[in-house]
Amino acid sequence: MTRYLITSALPYINGIKHLGNLVGSMLPADVYARYLRQRGEEVLYICATDEHGTPAELAAAAAGLPVAEYCRQQHELQAKIYEGFELSFDHFGRSSSPENRELTQHFGRTLTAADLIEERVIKQVYSPADGRFLPDRYVVGTCPYCGYDAARGDQCENCTRLLDPVQLIDPRSAVSGSRDLEVRDSKHLYFRQSRLAPRIREWIESRAGWPTLTTSIALKWLNEGLEDRGITRDLEWGVPVEREGYEGKVYYVWFDAPIEYIGATKEWADQAPGRDWRSWWEDSHYTQFMAKDNVPFHSIMFPAMIMGTGESWKLADFIKGFNWLTYYGGKFSTSRGYGIFMDAALEILPPDYWRYFLIANAPESDDSSFSWELFATQVNKDLADTLGNFVNRVLTFSRKRFGDTVPEGNPAGEPERKLAEELTKILADYEAALEGKHFRRAAQHLKAAWSAGNSYLELKAPWMEIKENPEAAALTLRTGMNLIHLFGLISEPLIPATARTMQSLWDLEESDPGYGARWAEPERIAQLDWIPAGRGFRVPEVLFRKLTDDDVATWRERFGAPENA
RNA sequence: GGGGCGGUAGCUCAGCAGGUCAGAGCAGGGGACUCAUAAUCCCUGGGUCGCGGGUUCGAACCCCGCCCGCCCUACCA
């Protein structure tokens, strides 16, 4: 049996993530993981916070906390929110874990032994006032080209020209504002990934069926020529470099972050006896999910690191890259407080509303734009009207006419056979979409299934049948209830909470086909008999409330939105 | 500057390897029905497939040039 290893790009420790982060990596990975588990596959879905680097240190300082404590708090905060969105990680780890430290140092040693790491002395800006070396973008000053007075040391945001910090006029620290800056020599380790370029290219070019986005970004880097890359920094917070003369230096965050995929797997294994973490990295089908900014790390650098070790670490079998979700066409921005962050989203509505909308609009082929208007329309039409109303109309009508148990009525006839046939076809398309990791398409097929339920009801019109032939109406309603259960099963990857409700409406007995069912098999769809006649059922509260114009206006106000949009 | 992705009906998007490829959903229009969250179901889509050339018997899909949007350019992660 195939085992599926799934990872989503590690969210950075610094702050609550926004909906763009969610839809670009964690949510689709979760949908995929849930689907495979429901099909009975063995799945390990791993994620973690990415905790090292300058931004974490500065954020901790700003919060007045030791960086380790800051990260611990932020990790807990993020974990709670992801739980709120029902992200079904098998383990949500931390790149600062002892497991990752050990593995990162192992990678460092192994690559050194393979002669793929060399020492170079580079010049870096040092700020005595801050007591630290400053990454290029933490040095600000006046752009020598356009005169913009807040240009960063790596690039001027105003004229977009690439810069070197020493070019800046009147340079100062972005951290403290100090103008007392000096350029010091600092020796660092470089990963000689250029030597692995041919092997990376061969690997990339042998990948069939990967998203264009993924391969084009990877090939772009290769075509421009891979440069060796520094993998250490002068920081305190990180994985220490075990090497003579490297006291006070740590591995650079992009080096230890991808290793945390492995580290978190080991963390998972260390939490309970009998878990074999190593085999997941030798023998499995491995899929990575990430937004496009992370593609170079996953398609070039991490594979290079793995190849460089000469050890049997699993390379990704599939890299699913996503474009950006924008907010009314603009970038979600933490610093400007623009857009929707995950904690605020959960304050407004339960997770399923977001999960469905985001998957149905996942930025797979291009950036896609969030707007409250589109969100409300789609939630109302698909979730409230098509699915929620279906559940409600079937159950309330049946209860009114036949009481609190599932009515028996006639045996299934031609309409039921045709319905099953259509659903079987839709389900096959849906499964193919999920297996192919085409999320928008999957949402469309799921909606088509819901809609088929409504079409069936219109065709049978039990409100007419009841007048002449109650047994016919009973069959229709019993079939409708089985459709509810079917929808509960197949909707679970996208809307798990609502799906659980739909599956738990019935007083099933252990011998019933629906008892413990995890997915809809074709032979079962042909019968539509998960829920037998005579079982008790309950009518749930409305599954999805309709979003009103007032809601939209309130949210536009609260989150900010362009006047004319 | 270099590079990547995208530019298809009012909106959001499908169109994988050139010949039912001019499509879906939503919105809009018409009809049916009343069980239901004024929900549902059926019917209704003529848009220069960004622009201009070219290759081909035939191109939205291949090539060249141009325009527009977004993104990347490796010391943010």
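Keep in mind that the numbers below use all heavy atoms, side chains included, and drop hydrogens, waters and symmetry copies. Residue numbers begin at 1 in each chain, while the letters A, B, ... track the order of the sequences.
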Worksheet entry | Ring centroid separation A:F544 to A:Y356 under 6.0 Å | no

Discussion item. Determine whether the aromatic ring centres of residues A:W254 and A:F302 are separated by less than 6.0 angstrom.
Written reply: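 No, the ring of A:F302 stays outside the 6.0 Å limit from the ring of A:W254, centre to centre.
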
Out of [options], which has the shortest distance to the side chain of [X]?
X	options	answer
A:P55	B:C76, B:A74, B:C35	B:C76
A:S216	B:C5, B:C71, B:C35	B:C5
A:T377	B:A36, B:C75, B:C26	B:C26
A:R233	B:C41, B:C75, B:G25	B:C75
A:F297	B:C35, B:A77, B:A74	B:A77
A:A384	B:A74, B:A39, B:U37	B:U37
A:K546	B:A39, B:U40, B:C76	B:A39
A:F397	B:C35, B:U34, B:U37	B:C35
A:K447	B:G25, B:C75, B:A36	B:G25
A:R440	B:C13, B:U37, B:A77	B:C13

For nucleotides [N] and [M], find the distance between their [atom1] atoms and express it as a whole number of Å.
N	M	atom1	answer
B:G50	B:C70	C1'	15 Å
B:C66	B:C21	P	33 Å
B:U55	B:G46	P	33 Å
B:C26	B:C51	P	28 Å
B:C72	B:A77	P	15 Å
B:A60	B:U20	C1'	15 Å
B:G31	B:G18	C1'	41 Å
B:C35	B:C16	C1'	43 Å

How is [X] classified with respect to the nucleic acid when contacts are heavy atoms under 4.0 Å: base, sugar-phosphate, or nothing?
X	answer
A:S368	sugar-phosphate
A:I466	nothing
A:N361	sugar-phosphate
A:G436	nothing
A:G388	base
A:S398	nothing
A:V542	base
A:I122	base
A:F544	base

Mind calculating the distance between [atom1] ([X]) and [atom2] ([N]) to the nearest angstrom?
X	N	atom1	atom2	value
A:N454	B:U34	CG	P	16 Å
A:L226	B:A74	CG	C1'	10 Å
A:D385	B:C35	CG	C1'	15 Å
A:M301	B:A77	CE	P	13 Å
A:H298	B:A77	NE2	C1'	11 Å
A:R393	B:A39	CZ	P	13 Å
A:E435	B:C16	CD	P	21 Å
A:I217	B:C70	CD1	P	17 Å

Practice prompt. Report yes or no: is the cationic atom of A:R184 (NZ for Lys, CZ for Arg) closer than 6.0 Å to the six-membered ring centre of A:Y126, at no more than 45° off its axis?
Written response: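 Pair A:R184/A:Y126 counts as cation-pi.
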
Discussion item. Tell me whether A:K437 forms a cation-pi arrangement with A:F318, defined as NZ or CZ under 6.0 Å from the six-membered ring centre and within 45 degrees of its axis.
Written reply: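 The answer is yes, since A:K437 meets both limits relative to A:F318.
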
Discussion item. Both A:W221 and A:M464 contact RNA chain B. Which one's nearest nucleotide lies toward the 5' end?
Written reply: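 Mapping each residue to its closest nucleotide by heavy atoms, the 5'-most match is A:M464.
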
Discussion item. I want to confirm an ordering. Mapping A:L387 and A:N323 to their closest nucleotides on RNA chain B, which one lands closer to the 5' end?
Written reply: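 Its nearest nucleotide being more 5', the pick is A:N323.
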
Worksheet item: Around A:E414, counting heavy atoms of other residues, nucleotides and ligands shown, do more than 12 lie under 6.0 Å from its CD?
Response: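 It does: A:E414 CD has more than 12 such atoms within range.
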
Discussion item. A quick test of your reading: do over 12 heavy atoms of other residues, nucleotides or ligands sit less than 6.0 Å from CG of A:D549?
Written reply: no

Worksheet item: Ring-on-base stacking between A:W463 and B:C35, under 5.5 Å between centres and under 30° between planes: is it there?
Response: yes

Is the phosphate of [N] approached by [X] (side-chain N or O, under 4.0 Å from OP1 or OP2)?
X	N	answer
A:R441	B:A24	no
A:K220	B:A74	no
A:R137	B:C76	yes
A:T54	B:C75	no
A:Y456	B:U40	no
A:R152	B:C75	no
A:K381	B:U40	yes

Worksheet item: Less than 3.5 Å between a donor and an acceptor, one on the side chain of A:Q124 and one on the base of B:C75, is that the case here?
Response: yes

Practice prompt. May I ask you to verify whether the side chain of A:N389 and the base of B:A36 hold a donor-acceptor pair under 3.5 Å?
Written response: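 Check passes, donor-acceptor contact within cut-off.
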
Fill in: Worked verdict on A:F487 versus A:F390 for ring pair (Phe, Tyr, Trp, His ring centres under 6.0 Å)
CA-CA 10 Å; A:F487 297 160; A:F390 176 80; 5.5 Å; yes

Practice prompt. For the residue pair A:F92 and A:Y82, categorise the inter-ring angle as parallel (less than 30°), tilted (30 to 60°) or perpendicular (more than 60°).
Written response: perpendicular

Worksheet item: A:N482 side chain to A:I531 main-chain N or O, any donor-acceptor pair under 3.5 Å?
Response: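 Yes, A:N482 side chain to A:I531 backbone: donor-acceptor pair under 3.5 Å.
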
Fill in: Exam field: side chain A:H298 to backbone A:N294, donor-acceptor pair closer than 3.5 Å
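Yes.
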
Discussion item. Is there a ring pair (Phe, Tyr, Trp, His ring centres under 6.0 Å) between A:F370 and A:W372? Walk through the geometry before answering.
Written reply: CA-CA 7 Å; A:F370 179 94; A:W372 290 108; 5.1 Å; yes

Worksheet item: Does some side-chain heavy atom of A:K546 sit less than 4.5 Å from a side-chain heavy atom of A:D551?
Response: no

Item to complete: Determine which bases of RNA chain B form Watson-Crick or G-U wobble pairs with both distances under 3.5 Å, and write the result as a 5' to 3' dot-bracket string with | for other-strand partners.
Response: (((((((..((((.........)))).(((((.......))))).....(((((.......))))))))))))....

